[in-house]
Structures are given as C-alpha cells and as structure tokens.
*Asks:* 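Here you go, one structure.
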Amino acid sequence: DAKTTQPPSMDCAEGRAANLPCNHSTISGNEYVYWYRQIHSQGPQYIIHGLKNNETNEMASLIITEDRKSSTLILPHATLRDTAVYYCIVRVGGTSYGKLTFGQGTILTVHP
Amino acid sequence: DAGVTQSPTHLIKTRGQQVTLRCSPKSGHDTVSWYQQALGQGPQFIFQYYEEEERQRGNFPDRFSGHQFPNYSSELNVNALLLGDSALYLCASSLLIGPPTGLVSGELFFGEGSRLTVL
C-alpha cells in the first residue's frame with residue numbers, strides 16, 4: 001500500500017470549512033484513497049473514499065487531484081464534535097482484504 | 001442494527017498471563033479484522049478472519065492468535081503477555097464480496113475497543 005503524508009495537526013474555527021490535505025505521491029492506479037477519523041477513546045470511523053473522481057457524502061467531500069498524488073478532505077461546516085484524529089489511507093481496493101495501514105494522522109482541533 | 005461490539009471494554013493483566021478478547025461483527029458482515037493501537041499511535045493491523053480462517057496477518061508474533069466462529073464472531077488471544085502489549089485492541093468488520101479475490105466493501109466498521117493494561 002502506498003505511503004501517505006499528513007500534517008500532524010491543524011486548527012479550524014467552528015462553522016468554517018476544514019480542509020485536511022494528504023500527500024500520496026506513490027499511489028498506484030488501482031489504489032483508493034480512504035479517510036477515517038478517530039474521536040478520543042472511540043474506534044475509527046469511516047468518512048469517505050474515492051479512486052479518481054471527487055466524492056461527496058453527508059459527512060464530507062473528497063477532492064483528488066488529477067494526477068492522484070494528493071487529496072483533500074473537506075468538512076464544510078466544522079463543529080466541535082469534529083475534533084478528532086483524521087487518517088488518510090491508500091490501499092488497493094480489490095485484493096487487500098480488510099487491512100488498513102494507518103499512519104500518524106492529522107489532529108484536527110475545532111475551536112469555538 | 002447493532003454495530004461492532006467488543007468485550008471486555010477494559011481489563012488488567014500481569015506479565016506472563018493470557019488474555020482473550022471478543023468481537024461480534026456488524027449484522028450482515030462476514031469478515032473480522034483485529035488492530036492494536038498503542039497510546040499516541042495509529043492502529044496497527046494484526047490479522048483478518050474470513051470463513052473461520054486467518055486470511056492475512058500483520059507483523060505480530062505467534063503469541064497473537066485468533067479464531068472466527070460460524071456466526072462470524074471472533075476472538076483474539078494473546079499469550080505470555082508483555083508490558084508492551086498494553087494497548088487498545090480494536091475489532092473491525094466488513095463484508096467480503098467476490099471471494100477469493102478479497103474484494104471488500106468500501107469501509108470497515110470498528111468497535112469501541114478493549115483497553116488492555118499489562119502490569
């Protein structure tokens with residue numbers, strides 16, 4: 001699985017958009033970008049994933065650059081409950097079973 | 001619809017002892033993975049079970065073993081506990097589609113974890 005690079009921490013004001021970047025310059029053509037988050041003392045929670053097109057769901061939007069070497073997770077209106085560690089993970093969509101390789105993630109702190 | 005449930009939530013053991021952690025997957029899911037999360041670190045993959053067999057394993061010693069039952073629930077066993085085994089142990093379930101290629105749905109559902117402290 002390709003390695004990802006994320007900033008260790010970010011801050012965001014409540015109600016503003018939180019844009020979390022992820023670099024995955026060695027991504028292969030069959031690898032997907034997944035985002036999970038982990039709120040303190042809870043298990044990780046799936047947010048969104050994509051291959052090459054931008055994706056949006058009720059939680060967030062995922063913007064993947066055309067060369068697929070980086071992506072941005074967007075929380076459109078951050079709330080205090082969005083304070084968590086956000087993990088960007090790249091893995092093959094078909095053959096890796098359930099294995100996810102977590103890095104250090106980005107600690108997002110949403111301020112009032 | 002119950003999500004992934006794990007038990008116990010907290011437990012304390014001493015070095016050399018053995019521990020068994022349990023996991024019930026989300027309804028409809030047939031695949032269970034286990035992760036170890038040390039304090040301040042991201043979760044690390046231990047192994048995955050599908051059809052009652054270990055399908056993939058991370059870089060963990062043989063002291064870590066598991067089992068999956070016909071109802072898809074799973075156990076994680078750790079023998080000869082070390083201080084370094086103190087961690088949050090997470091169970092995740094998913095639905096495997098298209099065997100034997102290992103295709104999975106887009107997401108894993110995690111439980112709240114079992115926090116193990118080894119003294």
Side-chain angles (χ1 to χ4, degrees), chain A residues 1-9 20 22 30-53 55-60 62 64 71 73 84-108, chain B residues 3-6 9-10 23 25-26 29-51 53-60 68 74 88-115:
Chain A
D1 295 342
K3 189 174 181 178
T4 62
T5 304
Q6 299 178 251
S9 64
L20 290 87
C22 179
N30 62 347
E31 290 181 314
Y32 289 71
V33 180
Y34 286 79
W35 283 85
Y36 282 76
R37 73 179 183 184
Q38 188 172 23
I39 296 171
H40 182 63
S41 297
Q42 297 183 19
Q45 176 191 25
Y46 166 83
I47 301 173
I48 198 168
H49 76 286
L51 182 61
K52 56 183 178 181
N53 298 318
E55 303 288 344
T56 296
N57 62 21
E58 64 278 4
M59 290 182 66
L62 173 61
I64 303 174
S71 61
L73 177 73
V85 180
Y86 287 77
Y87 296 100
C88 171
I89 299 165
V90 173
R91 75 172 178 92
V92 175
T95 60
S96 61
Y97 291 94
K99 178 181 179 181
L100 296 175
T101 302
F102 289 83
Q104 294 292 95
T106 295
I107 300 172
L108 175 68
Chain B
V4 178
T5 58
Q6 293 187 243
T9 55
H10 296 83
C23 172
K26 180 179 170 63
H29 282 185
D30 56 7
T31 304
V32 173
S33 303
W34 287 91
Y35 289 78
Q36 179 196 65
Q37 186 173 25
L39 200 61
Q41 304 295 317
Q44 299 297 308
F45 176 77
I46 302 175
F47 43 53
Q48 182 201 45
Y49 277 83
Y50 170 68
E51 289 189 329
E53 290 188 15
E54 183 181 297
R55 299 292 178 167
Q56 195 174 16
R57 189 179 183 92
N59 188 25
F60 279 82
Q68 185 180 34
S74 177
L88 180 67
Y89 288 85
L90 296 160
C91 171
S93 74
S94 56
L95 179 63
L96 193 72
I97 55 175
T101 62
L103 287 170
V104 295
S105 62
E107 55 191 287
L108 298 184
F109 289 82
F110 284 83
E112 297 298 298
S114 295
R115 183 161 296 283

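Convention: sequence-line order gives letters A, B, ...; per-chain numbering from 1.
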*Asks:* Side chain, backbone, both or neither: which part of Q6(B) has an atom under 4.5 Å from a heavy atom of chain A?
*Replies:*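 The answer is neither part of Q6(B).
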*Asks:* Please give me the minimum heavy-atom distance between L90(B) and P44(A), naming the atom from each residue.
*Replies:* CD1-CD, 3.7 Å
*Asks:* Can you give me the closest heavy-atom contact between Q104(A) and G40(B), atom names plus distance?
*Replies:*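 Q104(A) and G40(B) have their closest heavy atoms at NE2-O, 4.0 Å.
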*Asks:* Hey, does P43(B) have a side-chain heavy atom less than 4.5 Å from the side chain of Y87(A)?
*Replies:* yes
